[in-house]
Protein chains: 2
Amino acid sequence: MSTESSGQRNTAAPRSRTRPARKSAAASAGTGMSQVAERAGVAMSSVSRVLSGHADVSEAMRARVMAAVEELGYQPNMLAQMLRRGATRTVGFVVGDISNPLLSQIALGAETTLRASDYALLLANSVNDPRLDAENIQLLHQRRVDGFLLSLSDETSEQTAEAVARTDTPTILIDRDLPTRAPTSAVLSDHRAGITRAVEHLVGLGHERITLIAGSPHVRPTRERIDALEEALEDSPGVVAQVRPGAFTEAHGRAATRDLLDGRRPPTAIIAGGNQILVGVLAELAAREIRIPHDLSLVTCDDVPLAQFFTPALATIRRDPYEMGATAARLLLARLGGAADEVATLPTQFSAASSCAPPRPRQ
Amino acid sequence: MSTESSGQRNTAAPRSRTRPARKSAAASAGTGMSQVAERAGVAMSSVSRVLSGHADVSEAMRARVMAAVEELGYQPNMLAQMLRRGATRTVGFVVGDISNPLLSQIALGAETTLRASDYALLLANSVNDPRLDAENIQLLHQRRVDGFLLSLSDETSEQTAEAVARTDTPTILIDRDLPTRAPTSAVLSDHRAGITRAVEHLVGLGHERITLIAGSPHVRPTRERIDALEEALEDSPGVVAQVRPGAFTEAHGRAATRDLLDGRRPPTAIIAGGNQILVGVLAELAAREIRIPHDLSLVTCDDVPLAQFFTPALATIRRDPYEMGATAARLLLARLGGAADEVATLPTQFSAASSCAPPRPRQ
DNA sequence: CAGCCGACTGGAAACCTTTCCAGTCCGGAA
DNA sequence: TTCCGGACTGGAAAGGTTTCCAGTCGGCTG
């Protein structure tokens with residue numbers, strides 16, 4: 001595979017230098033409620049009542065005010081409203097890494113749902129650094145968000161727990177467990193069910209050494225998957241579980257795979273606990289020319305679009321990330337509307353495929 | 001491929017119902033600058049000066065104020081600051097679809113860069129609907145963002161152009177061209193270079209019918225790629241270019257492929273203009289059991305992680321989306337700092353691979 | 001007919017900061 | 001000794017809205 005480089009990197013001349021003339025006089029710039037009031041010949045309080053749909057407003061008043069609003073092209077200053085009302089209609093989304101397809105789909109679901117209720121989404125990446133989790137929470141809190149959606153990098157961090165507690169703001173955890181007695185809503189995936197089905201399938205095929213290469217041990221999905229794997233094998237005395245938690249990275253996937261295959265008793269089946277991990281696993285398997293499913297069976301979690309063309313087809317434990325985001329948003333909206341905290345659990349599906357087959361007979 | 005469903009969908013009981021006791025008295029709640037001033041026995045203006053690092057402040061004053069700030073755990077109210085200063089230190093990011101890996105990486109680059117300068121990112125998806133582009137711009141404008149990062153769904157929309165013009169706010173276009181004389185910064189990809197190299201490569205292999213299955217014709221990348229393809233073939237009289245613009249969707253990729261292959265003169269090479277389109281193309285090729293590169297050569301744009309395991313390896317026109325986002329953010333920060341508008345062009349790389357081979361001899 | 005209530009409106013405080021302006025005090029220069 | 005400027009500080013306006021409170025007025029009840 002050869003690589004040709006092309007294109008230059010430069011910064012070209014500006015397209016134009018002149019600022020456009022100040023907008024037509026009717027613009028919103030500098031037009032405040034008092035101008036409207038003056039124009040309509042009424043008090044500011046009346047303007048405010050009309051605009052906020054207050055009940056005690058006569059038709060005549062409404063008409064006069066609306067006319068003035070039209071004429072002046074008045075638009076309320078949201079900052080002043082936020083200050084006065086003490087609410088920003090803004091939600092903070094703290095996420096380990098938005099470039100992860102799983103999380104960006106969650107973000108899409110959340111933002112779409114929130115926007116339907118006139119909330120905006122403030123995005124903060126923590127690049128999987130627990131300190132940034134806490135810092136971002138603090139930062140968004142200072143920006144006075146009305147609520148939080150948290151997909152933390154590390155739920156065990158003291159600082160993060162403190163930061164969450166300090167905010168005293170409605171918070172929805174996304175597939176995370178925070179070890180705190182404070183009430184918190186959450187939307188969770190039922191990882192156990194997916195792993196259980198996958199393991200049943202593998203055991204049914206005759207596998208006796210099943211390895212889970214998992215991500216960070218400091219987040220719920222990893223813990224749940226590990227627990228589910230070990231639990232599922234309690235009834236199968238002959239089958240051994242191996243677990244390799246680490247990080248949700250290609251590097252970990254690759255290193256763990258290498259390590260396992262070099263070990264005395266390599267697994268007959270691997271479950272890759274995330275799409276980046278999968279890449280690492282596949283890379284190492286390819287480098288060793290290990291054939292799936294002939295030499296090793298493979299299951300992955302949280303598929304990505306192109307996975308469907310992988311040969312052989314990959315068995316996958318799926319969930320619906322858009323729906324997770326949407327649900328998280330709904331839970332938050334409910335809380336902001338005064339409802340109690342609530343935990344929603346969303347299902348997981350296991351799709352068997354030809355990447356799983358009976359293990360090779362023992363050599 | 002069988003599918004077992006597992007897991008239940010439910011909403012479980014809340015974890016707790018009691019609110020935690022109001023935080024210790026020193027909390028920021030209700031603590032304003034005037035409390036600090038009173039506690040320190042100075043005027044509010046002095047507190048403000050100390051906190052904003054104004055020059056004319058005595059050491060004694062600074063110490064007293066800071067002590068009071070510490071004791072009260074005072075945190076400034078950013079909403080009041082925003083209102084007073086008329087700046088929010090917030091940037092609006094309008095994007096067709098954040099769940100697209102290309103765009104989510106751009107978002108990551110942008111957010112990371114912006115946060116380093118204390119700006120926050122307000123995210124708005126337009127789900128590829130031009131009306132929502134305009135609406136989101138308007139919405140974010142009302143929220144008084146200091147600047148815009150725009151990855152529009154349709155740069156030809158009147159409403160969008162008007163919305164942009166109306167805001168009179170520093171704006172960076174991301175790989176888009178807005179037909180307006182207003183000055184606008186932009187970060188662009190040099191698609192032409194990538195396409196040119198790819199076409200040279202294909203022509204070198206002997207291809208005579210090269211098809212570009214492109215995305216929406218209403219955005220710059222599509223136009224640039226089409227132009228580049230046609231231009232590149234001007235010097236190769238025997239080679240025919242076909243172009244199938246449509247949408248950045250799997251459906252379009254699949255339909256266009258079907259259409260082409262059913263046509264009288266099917267292409268010998270296809271360039272898929274995006275990762276979703278690629279999925280559609282591959283699906284149709286797989287359904288017809290068309291072998292790459294034996295029956296058809298394939299090039300794709302904007303790869304995704306798993307693409308590297310596709311067999312055969314996919315020739316790809318790449319760019320660095322994180323860097324695009326970071327560059328866009330830098331351009332915006334510069335504009336916010338008073339600099340003139342500027343256009344940055346980032347390179348594109350073509351990587352040849354075994355998905356391209358000489359075409360089958362004519363039947 | 002007095003009294004009262006309800007519908008409606010205006011005035012002003014409150015939200016919290018930044019910034020302009022004026023004023024105090026002191027040291028140094030004339 | 002007087003004047004001036006610089007260093008520093010306090011007061012108050014401004015930024016734009018929401019909301020409480022008080023007040024007016026017409027109509028209805030007793």
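Within every chain, numbering begins at 1; the chains are lettered A, B, ... in the order of the sequence lines, protein sequences first and strands thereafter.
- With sequence neighbours excluded, the residues satisfying side chain to side chain donor-acceptor pair (under 3.5 Å) with A/T160 are A/S157.
- Each salt bridge (charged side-chain N to carboxylate O under 4.0 Å, His left out) pair with one or both residues in residues 39-51 of chain B, not counting sequence neighbours, appears once here: B/R39-B/E71.
- Applying the salt bridge (charged side-chain N to carboxylate O under 4.0 Å, His left out) rule to A/E59 yields the partners A/R62; only residues at least two apart in sequence or on another chain are considered.
- If you take CG of B/D56 and P of C/dG23, they are 18 Å apart, rounded to a whole angstrom.
- One end of the helix from C/dC1-D/dG30 to C/dA30-D/dT1 points its axis 60° away from the other end's axis, with each axis taken from 5 pairs and the angle rounded to 10°.
- For A/Q138, the side chain to side chain donor-acceptor pair (under 3.5 Å) partners are A/Q142, not counting sequence neighbours.
- Every side chain to side chain donor-acceptor pair (under 3.5 Å) that B/D154 has, sequence neighbours left out, goes to B/T156.
- Taking A/D129 as the reference, A/R131 meet the salt bridge (charged side-chain N to carboxylate O under 4.0 Å, His left out) condition, with sequence neighbours excluded.
- Here salt bridge (charged side-chain N to carboxylate O under 4.0 Å, His left out) pairs that include residues 112-121 of chain B, with residues two or more places apart or in two chains, are B/E111-B/R115.
- Here B/T90 pairs with A/R143 under the side chain to side chain donor-acceptor pair (under 3.5 Å) rule; sequence neighbours left out.
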Could you write out each protein N or O paired with an N or O of nucleotides 17-21 of chain C at a distance under 3.5 Å?
residue: C/dT17; atom: OP1; partner: B/Y74; partner atom: OH; Å: 2.2
residue: C/dT17; atom: OP1; partner: B/N77; partner atom: N; Å: 3.1
residue: C/dT17; atom: OP2; partner: B/M33; partner atom: N; Å: 2.3
residue: C/dT18; atom: OP1; partner: B/Q81; partner atom: NE2; Å: 3.1
residue: C/dT18; atom: OP1; partner: B/R85; partner atom: NH2; Å: 2.9
residue: C/dT18; atom: OP2; partner: B/S48; partner atom: OG; Å: 2.9
residue: C/dT18; atom: O2; partner: B/R84; partner atom: NH1; Å: 2.2

Less than 3.5 Å apart, which donor and acceptor atoms pair up between the side chains of residues 145-153 of chain A and the rest of the protein, not counting sequence neighbours?
residue: A/D146; atom: OD1; partner: A/T88; partner atom: N; Å: 3.0
residue: A/D146; atom: OD1; partner: A/T88; partner atom: OG1; Å: 3.3
residue: A/D146; atom: OD2; partner: A/T88; partner atom: N; Å: 3.2
residue: A/D146; atom: OD2; partner: A/R89; partner atom: N; Å: 2.6
residue: A/S153; atom: OG; partner: A/D133; partner atom: OD1; Å: 3.1
residue: A/S153; atom: OG; partner: A/D133; partner atom: OD2; Å: 3.2

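- Distance B/L79 CG to D/dG16 P: 15 Å, rounded to the nearest Å.
- For DNA chain C, the neighbouring residues in residues 59-69 of chain A, judged by any heavy atom under 4.0 Å, are A/M61.
- Sequence order on DNA chain D of the closest nucleotides to B/A43 and A/L83 puts B/A43 first from the 5' end.
- For B/S58 and D/dA7, the shortest distance from a side-chain N or O to OP1 or OP2 is not below 4.0 Å.
- Within the model, atoms CG of B/N100 and OG of A/S104 stand 8.5 Å from one another, a figure rounded to the nearest 0.5 Å.
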